[in-house]
Amino acid sequence: ATDNVAVINGYPVITADPATASDWYDTEAMYNLYSPMVYPTPDGSVRAHLATSWQAVGGDLTHWRFALRQGVLFHSGHELTAEDVAFSMTRFITMGRGNSGPLGKVTATVIDRYTVDFALEKPSAIFPETLALFFPVEKAVVLANVKQPGNYGDLGDYGEDWLSTHDAGTGPYVMVTHIPGQRLDATRFLGYFDGWSNEGWGPDEVPIERLIFIMETDYTSLMTLLKSGGLDLEINGGWTVPQLTQIQSDPMLDLSYVWAQNVTVWMNSKVAPTDDEHFRKAILYAFDYVGVVGPWEPFGNGETGIILPNMAGYVPIEPQPRAQNLERARQELALSKYANNLRDITLVYHYCGGLDFEEEVGLQLQADMAQLGVRVEVAGPPWPQYSAECSSAESTPNMTIFLFAPQAFPTYDYFMYSMFSPGGLGWIFEAHWYFDDPQLIQMLDSTRAEPNAFSRLLTYELLQPIIADHALALYPYQKPTLFAHQAYIAGPLEEIAFVGPSENMHNWRINLVMKEAAGR
Amino acid sequence: MWQEKRADLAASFALRRRGLAKGWYKFSRNPLSVVGLVVLVVIVLATGLASYITPYPAHAGPYTNFKAAGQPPSWEHLFGTDRIGRDVFTRVIFGYRFSLLLGIVVLGLGVAPGVILGLIAGYHRGTWVETTIMRVTDVFLAVPPLVLALAITAMLTPSLLNEMFAIALLWWPWYCRLVFAVSSSMRNQFFIREAEFSGASEAHILFREMLPNCLAPILTKMTLDMGIVILLGASLSFVGLGAQPPTPCLGTMVADGAKRLPGEWWSTIFPALAIVLVILAFNLVGDGLRDVFAVEEV
Amino acid sequence: MPESILSVENLTKCFPTKQGLVRAIDGISFVMAPGDTLGLVGESGSGKTTTAQCIVGMYPPTSGDILFKGETIGAAFNRRPKHVKGDLRIVFQDPGSSLNPKRTIKQILSVPLAVHRVGTSRDRLARMKALLEMVELPADEYLYKYPQAIGGGEKQMVALARALATNPSLVLLDEPTSALDVSVQAKIINLLIRLRRELNLTYLFITHDLSLMRNVASRVAIMYLGKLCEIAPTVEFFEHPVHPYTKMLLSSIPVVSDEEEALKPHKAISKGEIPSPVNIPPGCSFHSRCSERGDSCAELDPEMREIAPGHVVRCNHWCGPEGE
Amino acid sequence: MAKYIGLRLVQSIFVLFGLSLLIFSIARVVPGDPARAALGFLASQDQVQQMRVEMHLDKPFPVQYYYWIRNVMHGDLGKSSYTRRPVTTDLAQYIPATLELILFATLISLVFGQIMGILAGYFRNSWFDGLSRLVSYLGIATPSFVIAILLMFLFSQVFRLAPSVGRLPIMMQPPPTVTGFMVLDSLLAGQVKTALVALNHLLLPAFSLAVIHIAQEGRITRSSIVENLNKDYITMHRVHGIRTSRLVFKYLLRPSIIPTITVMGLDFAFLMSNAFLVELVYMWPGFSRYAVTTMLNKDLNAMVAVVVVMGVTFALVNLAVDIIISFLDPTIRIQRRGG
Amino acid sequence: MALLEVKDLCVGYRIFEGHLRVLNRARLEVDSGERVGLVGETGCGKTTTVKSILRVLPTPPAEVASGEILYRGADILRMSHRGIRDLRRREMTAIFQDPLQSLNPMFTVGTQLRDILKDSMGGRGRGRLSRREIEARCIAALHETGMPDPERIMHNYPSQLSGGMRQRVCIAEALSREAQLLLADEPTTNLDVTIQDQILRKLDELVDEKGTSVLIITHSMGVVRDLTQRMYIMYAGTMVETGRTKDLLAAPRHPYTQGLMESVPRLTGVGISDGIPGRIPNYLDPPSGCRFHPRCVHVMPVCKETAPEFFSVGEGHVVACYLYRS
Ligand SMILES: Nc1ncnc2c1ncn2[C@@H]1O[C@H](COP(=O)(O)OP(=O)(O)OP(=O)(O)O)[C@@H](O)[C@H]1O
Ligand SMILES: Nc1ncnc2c1ncn2[C@@H]1O[C@H](COP(=O)(O)OP(=O)(O)OP(=O)(O)O)[C@@H](O)[C@H]1O
Ligand SMILES: [Mg+2]
Ligand SMILES: [Mg+2]
């Protein structure tokens, strides 16, 4: 009697409401409980999902019409209609949180039962792609569970409270219980519109009936758990290198490479001393790229830039070769306005508390800058503080390390646009004060109105060296995201370089025969 | 006149020397305490001379060497190297420096106010003065120190200084309560009464008559508390609220190393042992002091 | 010279406790002339210590007056003028706790000297030595010792020296020898007698040992449950004890010779225990243990009556010199 | 006695009041915006402003405190900015797990500590005494997180004897919650197997937690046994020919156990502190871990609540200890009765 | 044969500073039915002697260096645990100085008394006392000591009793079973004279009634005079003089005894002597020879070298002093 259950470790899901979900780990939950309008593909575009087709109405890319799939069932058993989608979009935009930022103001209109129109403020060629992070909810259920009073007048809290522990989605799994920040239980939704076909799977590989997401950050304990069979799949990949080696050598365990992430150290161009471009460049030259990558060599490689080398439109950026060049660093430092009072300078580097590799980058920086006589303060505040600091230029530290999976954005330009154009949300993903070069902004803006994908790509190739020339960020290396799991867990069927689809457990199977043989 | 004065001084010194000699004699009767003291002296010397006796003093500061990371103990690296290639032995010795510093600063800041308040409360036993002081003390003692320390350091930004500040803020009530217990039981002793009746000032009674009698338990508690404070510091840094990198901090080292346990055991076991050793030493010495101060039956 | 050095009038001291109001002293009056040694005797719990402590000012009395050299001093010590503090000293019962164990004898002796500015700071050392010599302790040896290094008798001598440091005229001695052996007691008693003579001291000597009183006191007062029962000059007291309680005490004393045995009133057999001061028996407080009690004793609280010059008794049944 | 307990309770309430004031003021004085913390970093400036008004942050400190304490009186400890739930809900969920752990650890330390202390004290200066002394020293000097890590490493990873983390295997259906104690609940639900599994999970963390207390209590018991052995009354019992078993387990044990229990009451604070660390290591879904998480996340409401709850627990435990002691020690009972 | 005979007992205490040689060849005899007093100043080793006899010395720090304690000819020091237990249950009993310290504060008087009877009189099988008998015996024992209302006292804790009552309870405990020898270590020192008088009278009565032999230890000459037939004077761990109480008190011979007697304040009011100079020796390094010699006014060279034997000075009156050598 082997249980058809998968225990999965993710980061703490706090909110499971599509309108407020924003972080990776929320997105992981979204893809399991809800379905997006469109689904990302391995090649970086999107394909039909809840929407079967879409097109811009009128020529200026501000008006889009989506046709919905028929027969999609919510977990309640009711069919998804344009009414639900429009309600969800209005809710998403009104609440203005989560991933709604890049959409701007969107007005939804129901055309008929299976057709919905979206009107945008500004033209956007990539609007359909951005809907890969839009998950419709069931209108009736949400309205039935609105809590009064709330911030939204008659609509009370817009169902936010209820949705944090329940779902109203169409996804492959149904939420059973949710203890925010601790545990989420879900069971398979047999009425899932995409079906549960065995195609592409082995004979013994069956869909996973029950999912248990746990949220632990202590990798020592997780290791114990993994080894004892208490954990089936770990999707955050916070392993240390020795742990990864250990997992690799265990026949009962497997390691799946999912994608690479861009380790990025943002420099705040608004506060001293990183407001000086030469100073920033000095940092880029002083950093010892080779050393810090060393331990990761078996799992990835050090080459990286503003986007990842394996993505379309990648352009290598300075410094080249990617190696420490203290000579150049000193020259740049001498040019900076802080050249004469290096002793008084403290460079503040913040990483997300608990992530060793992020700390290691800081320590490397600390050691490197010490050779130039610059003190670096390395601190790892916990995630909420660390992310909240970046809500204004003044409170953002000189350097903030963040893991960007450029793929986590529906298309590469989504990433670059939100990162470097003004009007972002003022948080860690889109800290718009990092830079405001009018020429650059204008170039970025023009891409939104460019319907031709190829022309857009060319513009981005042009843009990258310009951005890089300002030395806005340090890109130490790309870090592989590795999922550790029991050997009897199979997947993902389709490796999509986008957060969510890979953790969509519809995409995974369990081999019960192997599991039984393993005695677990 | 002068001669007399000198004789007087000499006699006082002789007295003190005799007292010390006797104390040492009693202390040394317990071999474990002596071992503890020796260990402590070695640790203190080692931390003092850390820059000279450790093989890689640079490893206590900003330094990385990923190529040499995670090496097992060898002659080159007695305790192996950590995840970024620093010599664990060096860092343990420097880690002691911060542990001891923490203990000294916390006790330095915490003991004096606690003792003074405790004396005052003890002397004014049964009055509103006592009630006020002791109720405030109770408030601080109503919660485990680690919890309050965590709360305070969490609210401030984590750093060695804040850690010290938070713990020191919590430490005085223990001394207040201890001194209160001793001094209030002494309150009705005849020698205190006699001092009062003969008209001695309150300061005299507090600091000359009562304080010397509280010193023994205070000193003993301080020694034992050094261990506790170090442990508390280690616990705080274990949770991630300790000193910031690259400052070597024993608790952080244990927490860090634990993530690499089966493989790189040395990076957690040695710092852990180091913590155990220093706490053990303080405990042994504290027990020895207790023996020294134990009331004589003869 | 004033008529009386100390006069206590109707002194009452009550302690409120959980069990009820403790009437530790219940309206006592006595007068001491200069040079007197008044022996205050009584069973444990009869209020002797409380009396001494009220006089020295440890507690303010509940009611009544204490006059010291004609001056009212019925306040707690911290409101008393300094000269009174120096003039009226006390030696406690327990030699173990009357000296601070953490201070040398020199430090201990220097406190009253410094507080009362006796002599200049320069000749204080000499003064301390003189004090120690006065109580027959070799000064050079003892000045630099801690109390724990000396015996009980010596501690008591140091305490005495400390009391004498301010040249007092009245010294309260609260059972100064009850914790000591007879041989040591003898030494201290002799010392006390000698000092009284040499320094013109007046003693209020508290004890529970009547045979000791016989040898030191000039007058004896018997105390029972916070009240005085009988006061008389020593010889009169021992030769003609009047109060039944006095007789009971006397008859209980274990003695070592037949001559002494002859002095004990043999009729008065001791019985019962001193009642709790919380519920003092009504009427004459002694009636519950009295062998000569009459019918009225349970109701009638007797008055103090002077039956001979200086001999005061508080008993319902005394009806004249030959009335027994 | 009842009067005394009443008095103690009143006293505790004052102390807790002071404690809440202390922690509340610390929480409000330190830099950081509770309103933003409550809303998360995605909230707009307007929303934050609105929240400030809602949370009375625009008013002077005493008013803020007044509102806070008024809400507390109504059982409302505010909302956690970390879990975005009412703090009371969180507490109700997490406290039983920790209580189970702590009580079990207390039980372990009581049993082992007493046995060790009694034997060492009775056979003082024997080899057993020496051994137990060594064990005590090590136990006291070793931080419980170190013990927890080592035990977990040894027993779950190397020997595979014990389960590693949590209260139950993750996929095991927990019994319906009645008391919140997993073992008890399982038994109540008639699931003996679940109860055993839960007990098995409890063992390692509880033992890690207990070690330092075993050492501490063993030491105290030993010294109080030794002290009592030298008491006249024990000598007297001997002289009167009382049986050794009666002497030890009745006449010696009762007075000797009292200091141990007093110390256990005081050490409860350390037990709670250590639970912080042990729960982290063993992923125990308990109150302490919740506390650490909320503190690290600057979740002010939760943090204040956590501290106050700790204070309440500590006060209650010490009251209980007091009652137990007065039950064991008639002199105290008599004193309190005022007779 | 004497009931109890202590021969050349040497007992010391090992403490931090060294070895306290307290008892130095102490000798003592108690005959059947005899009442013997042992008098000495504080710290001269009286309690140590009693505890040695009862074999309840705390070891460590105490150490019996040499000597014998013969009870009916059997050496207590070398007895088996069983033997000593039976001895305690059936033969010897004791009362200690501090009545509060010698009653267990945690248990009621009744509990303690009952357990004593259960364990000492219990026996096995038929010999065993029934519950009711034990209860009756306890009450009787308390009653015998002159305790008012023994039924109520049985339910009281020691701390609820006054000093005198506590001492009565101790006496009841000691005399509740038939013991041949009562060792009373300063039974009335902490009590008032009136209570002391009552207690001693009661004790006298009871002992007479039961025919128990008594060794009473005290520092009060008066108590000894009232209660005993024979007495020993102890100084610094050695017996210096023994004889019939009356004779000894009337004509003390040893300089120490003389000094002591002169220090006792008399009701006759003849004044008090200056006491004995000096104080009791330090047991770490006791004086050689006669331990009293540093304080003795008659000191001779021989006194410093060897300790004196007992010299007879009258019928049954012996003194350990070279003054009486001839
Ligand atoms: N501070 C106090 N509070 C309550 N009761 C007190 C206090 N001081 C003394 N008493 C009570 O007053 C009564 C008289 O006590 P006091 O000490 O004066 O007696 P005493 O004659 O000196 O006795 P002893 O011979 O034992 O020294 C006693 O019953 C005592 O319990
Ligand atoms: N447990 C002990 N440890 C060390 N020394 C002890 C111990 N018990 C007694 N002594 C020492 O032995 C000596 C004699 O003590 P003991 O109690 O026999 O005297 P005592 O004659 O009974 O005195 P007291 O009249 O005060 O009861 C004392 O000097 C004392 O210091
Ligand atoms: Mg008194
Ligand atoms: Mg004794």
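Below, chain A is the first sequence line, B the second, and so on; all start at residue 1.
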| note | Whatever's closer than 4.5 Å to a heavy atom in chain C on E/Arg279 counts as side chain
| task | Counting only heavy atoms closer than 4.5 Å, note whether E/Asp226 contacts chain C via side chain, backbone, both or neither. | result | side chain
| query | Can you say whether E/Pro277 sits under 4.5 Å from chain C via the side chain, the backbone, both, or neither, judging by heavy atoms? | reply | backbone
| request: Against chain E, label C/Leu212 side chain, backbone, both or neither, depending on which of its atoms sit under 4.5 Å from a heavy atom there. | output: both
| note | Nearest heavy-atom contact between E/Cys303 and E/Val299 is CB-CG2, 4.2 Å
| request: Answer with yes or no whether the side chains of E/Tyr256 and E/Glu41 bring together a donor and an acceptor at under 3.5 Å. | output: yes
| request: For chain E, find which of C/Glu259, C/Lys264, C/Glu273 contributes the most heavy-atom pairs closer than 4.5 angstrom. | output: C/Glu273
| field | Contact leader toward chain C among E/Ile195, E/Ile280, E/Thr245, where contacts are heavy-atom pairs under 4.5 Å | value | E/Ile195
| query | Any luck finding a side-chain donor-acceptor pair between E/Arg295 and E/Tyr235 under 3.5 Å? | reply | yes
| task | Could you pull out the closest heavy-atom pair between E/Arg166 and E/Leu161, with the gap in Å? | result | NH2-O, 2.9 Å
| field | Largest heavy-atom contact set with chain E, pairs under 4.5 Å, which of C/Leu191, C/Ile253, C/Asn190, C/Val216 | value | C/Asn190
| query | Any chance CD of E/Glu315 has more than 12 other-residue heavy atoms, nucleotides or ligands included, within less than 6.0 Å? | reply | no
| message | Between E/His254 and E/Phe292, is the ring centroid distance below 6.0 Å? | response | yes
| query | Do C/Glu43 and C/Ser46 have side-chain N/O donor and acceptor atoms under 3.5 Å apart? | reply | no
| message | side chain to side chain contact (heavy atoms under 4.5 Å, CB included), that's the test. Do E/Ile171 and E/Ile95 meet it? Break it down for me. | response | CA-CA 7 Å; E/Ile171 292 174; E/Ile95 309 170; 3.7 Å; yes
| message | Minimum heavy-atom separation for C/Ile188 and C/Gly153, please, with both atom names. | response | CD1-O, 3.6 Å
| said: Quick check on C/Gln185 against chain E: is it the side chain, the backbone, both or neither that has a heavy atom closer than 4.5 Å? | reply: side chain
| query | So what's closer than 4.5 Å to chain E heavy atoms on C/Asp209: side chain, backbone, both or neither? | reply | side chain
| request: With chain E as the partner chain, list the residues of residues 222-236 of chain C whose heavy atoms fall under 4.5 Å from it, by residue number, and write 'none' if nothing qualifies. | output: none
| query | What part of E/Gln196 lies closer than 4.5 angstrom to a heavy atom of chain C: side chain, backbone, both or neither? | reply | side chain
| Nearest heavy-atom pair of E/Leu142 and E/Met154: which atoms, and what distance? | CD1-SD, 3.8 Å
| request: Go through the atoms of E/Val270 and report whether side chain, backbone, both or neither lie under 4.5 Å from a heavy atom of chain C. | output: backbone
| query | Yes or no on side-chain hydrogen bond (donor to acceptor under 3.5 Å, both in side chains) for C/Arg196 and C/Thr37, after CA distance, side-chain angles and deciding distance? | reply | CA-CA 9 Å; C/Arg196 180 186 61 193; C/Thr37 299; 2.3 Å; yes
| query | Looking at C/Asp258, C/Leu180, C/Leu210, which one has more heavy-atom pairs under 4.5 Å with chain E than the rest? | reply | C/Asp258
| field | Derivation and outcome, side chain to side chain contact (heavy atoms under 4.5 Å, CB included), residues E/Thr48 and E/Tyr13 | value | CA-CA 10 Å; E/Thr48 308; E/Tyr13 293 94; 3.1 Å; yes
| message | Atom NE2 of residue position E/His143 - does it have more than 12 heavy atoms of other residues, nucleotides or ligands inside 6.0 Å? | response | no
| field | Closest-packed option against chain C by number of heavy-atom pairs under 4.5 Å, given E/Glu262, E/Lys246, E/Arg201 | value | E/Arg201
| request: Please flag which part of E/Met165 lies under 4.5 Å from any non-hydrogen atom of chain C: side chain, backbone, both or neither. | output: both
